[in-house]
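In what follows, a structure is listed as structure tokens, so that the remarks can point back to it.
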Number of protein chains: 2
Amino acid sequence: MAEEKNNISKADFRFMNDALVDVYDHIMRIEEETLRKSTFRDISVKEIHLIHAITLHDHKTSTEVANELRLTKGTLTTNVKTLERKGYVKRINDEQDHRVTRLTLTNKGKLLYRAHDAFHRQIVKSFIKGMDGNEVKVIKRALINLEDFLSDITQ
Amino acid sequence: MAEEKNNISKADFRFMNDALVDVYDHIMRIEEETLRKSTFRDISVKEIHLIHAITLHDHKTSTEVANELRLTKGTLTTNVKTLERKGYVKRINDEQDHRVTRLTLTNKGKLLYRAHDAFHRQIVKSFIKGMDGNEVKVIKRALINLEDFLSDITQ
DNA sequence: ATAAATTGGTTTGATGTTCAAACTAAATTA
DNA sequence: TAATTTAGTTTGAACATCAAACCAATTTAT
């Protein structure tokens, strides 16, 4: 059981910690630069995350998307307004309940979403590059560990 | 070589992608909440990252820290000013070159840094929980893969 | 049925973060 | 010693976000 003792060396801790932190910064930076150079140069990383949330929850209400992104309703309103002006998002008035507006992507928005998703696919692919099925399982287990740990903290 | 073919399933991609994205959001949120409830409730996550950068580069110059964090010198000046006012950071005038100011943490700042570092240590520990040496190596390899991939993109 | 309370979304005013550009002072180069 | 460069600060503008006030539609209570 010695090797299960989970005593991580100082060097391993430093390496993993720095890697986790740096990797995220790096991804954000590349996303920003890639967008700047693409057809979608009027879009920021923050905006693309809103577009991502709207796609995942297609035709969901403003409040639902706001909760998803942990933004206030007011902030969401303004963000959606600019994305609508830029032509990526459409508001749809709900037929049943005339208070609610549902959110969806325009074709331009869907195009952007797919481009962004492709980039994420590359990231994940590089992450597990050259690994066999068992090794991929190890990675998945690590991510599950981390998610559990974080969920435990927030109860 | 079949298992080296690196054909990730749609489900695996989704899982890993969402995990990588969610985990980061989650960590930021917990950091924010933890700070809010701690003795350091006057500090934001952004500020703690500046404190982190200052510690890693103890007694480095303002310009060096600004480059590290990819902020303009002007932004760094204002951020350092508020952290100085709050008592976490000290400016030191360089004896050799009277133009440069070097940055360092006060005792209060060091205390905060250590608390934050402890949280990161927990995160890394949870990440590799229950894994043996070989499995840890797999994780490290994945992180190196990812760092290499990202470096390649930026040349 | 109608008044009161709730809900979904928008508007408004304030705060915080960031940037680019102008600026000051010190050091270096010509 | 004059011109240029460098380190850092100040200034003014842009943007993201929030909380609170607000409006309109729906639901609940009387």
Side-chain angles (χ1 to χ4, degrees), chain A residues 25 28-29 31-33 35-36 40-54 57-86 88-104, chain B residues 25 28-29 31-33 35-36 40-54 57-86 88-104:
Chain A
D25 268 25
M28 295 292 277
R29 221 162 56 237
E31 284 191 347
E32 194 73 55
E33 283 165 19
L35 283 168
R36 232 18 91 242
F40 309 107
R41 68 178 66 65
D42 61 342
I43 290 291
S44 71
V45 168
K46 289 193 175 178
E47 285 173 320
I48 214 165
H49 288 158
L50 173 50
I51 283 171
H52 180 84
I54 291 173
H57 299 275
D58 208 20
H59 287 246
K60 286 290 178 298
T61 69
S62 289
T63 304
E64 282 168 333
V65 174
N67 290 340
E68 182 76 20
L69 294 176
R70 283 155 225 270
L71 296 173
T72 61
K73 296 178 299 171
T75 300
L76 196 81
T77 297
T78 59
N79 291 351
V80 166
K81 211 188 293 182
T82 66
L83 283 181
E84 203 175 23
R85 178 169 47 74
K86 291 178 183 174
Y88 293 93
V89 169
K90 263 189 308 217
R91 274 179 173 82
I92 299 175
N93 286 67
D94 190 283
E95 286 306 310
Q96 266 65 48
D97 189 333
H98 287 252
R99 292 169 305 178
V100 329
T101 52
R102 298 184 173 275
L103 301 175
T104 187
Chain B
D25 269 25
M28 295 293 277
R29 220 162 57 238
E31 284 191 345
E32 194 74 56
E33 282 165 19
L35 283 168
R36 232 19 90 241
F40 310 107
R41 69 179 65 66
D42 60 343
I43 289 292
S44 72
V45 168
K46 289 194 175 177
E47 286 174 319
I48 214 164
H49 288 159
L50 173 50
I51 284 171
H52 180 84
I54 290 174
H57 299 276
D58 207 22
H59 287 245
K60 286 292 180 297
T61 69
S62 289
T63 303
E64 282 169 333
V65 173
N67 290 339
E68 182 76 21
L69 295 175
R70 282 154 226 269
L71 295 174
T72 61
K73 294 179 299 171
T75 300
L76 197 80
T77 297
T78 58
N79 291 351
V80 166
K81 210 189 294 182
T82 65
L83 282 182
E84 203 175 22
R85 178 169 49 72
K86 290 179 183 174
Y88 293 92
V89 170
K90 263 189 308 214
R91 275 179 172 82
I92 298 175
N93 286 67
D94 190 284
E95 286 306 310
Q96 266 66 48
D97 189 333
H98 286 253
R99 291 168 306 177
V100 330
T101 51
R102 297 183 173 275
L103 301 175
T104 187

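Naming convention: chains lettered A, B, ... in sequence-line order (proteins, then strands); numbering from 1 in each chain.
If you check residues 66-77 of chain A against DNA chain C, the residues with a heavy atom closer than 4.0 Å are Lys73(A), Gly74(A), Thr77(A), listed by number.
Residue Ser62(B) places none of its side-chain N or O atoms closer than 4.0 Å to OP1 or OP2 of dA7(D). One finds no side-chain N or O of Asn79(A) lying less than 4.0 angstrom from the OP1 or OP2 phosphate oxygen of dA16(D).
Toward the 5′ end of DNA chain D lies the nearest nucleotide of Thr101(B), the other residue of the pair Thr82(A) and Thr101(B) mapping further downstream.
A heavy-atom distance below 4.5 Å is not found between the side chains of Tyr88(B) and Leu50(B). A 4.5 Å side-chain heavy-atom check between Leu76(A) and Thr63(A) finds every atom pair outside the cut-off. Counting only heavy atoms from C-beta outward, the side chains of Leu103(B) and Ser62(B) approach each other to under 4.5 Å.
Chain B approaches DNA chain C over the interval dT17(C) to dA27(C), counting the first and last nucleotide 5' to 3' with an atom under 4.0 Å from its heavy atoms.
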**Request:** For the pair Glu47(B) and Thr82(B), evaluate side-chain contact (heavy atoms from CB on, under 4.5 Å) and give the outcome as yes or no after the intermediate values.
**Result:** CA-CA 9 Å; Glu47(B) 286 174 319; Thr82(B) 65; 3.7 Å; yes
**Stepwise side-chain contact (heavy atoms from CB on, under 4.5 Å) test for His52(A) and Ile48(A)** = CA-CA 6 Å; His52(A) 180 84; Ile48(A) 214 165; over 6 Å; no
**Prompt:** Can Glu68(B) and Lys60(B) be said to form a salt bridge (charged side-chain N to carboxylate O under 4.0 Å, His left out), step by step?
**Reply:** CA-CA 11 Å; Glu68(B) 182 76 21; Lys60(B) 286 292 180 297; over 6 Å; no
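No engagement by Arg102(B) is indicated, since no non-hydrogen atom pair under 4.0 Å with the nucleic acid exists. Heavy atoms of Thr61(B) sit under 4.0 angstrom from primed sugar atoms or phosphate atoms, though from no base atom.
Rounded to a whole Å, the CD1 atom of Ile43(A) is 14 Å from the C1' atom of dC15(D).
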Between protein and nucleotides 23-28 of chain D, what N or O pairs are separated by less than 3.5 Å?
from: dT26(D); atom 1: OP1; to: His98(A); atom 2: N; distance (Å): 3.0

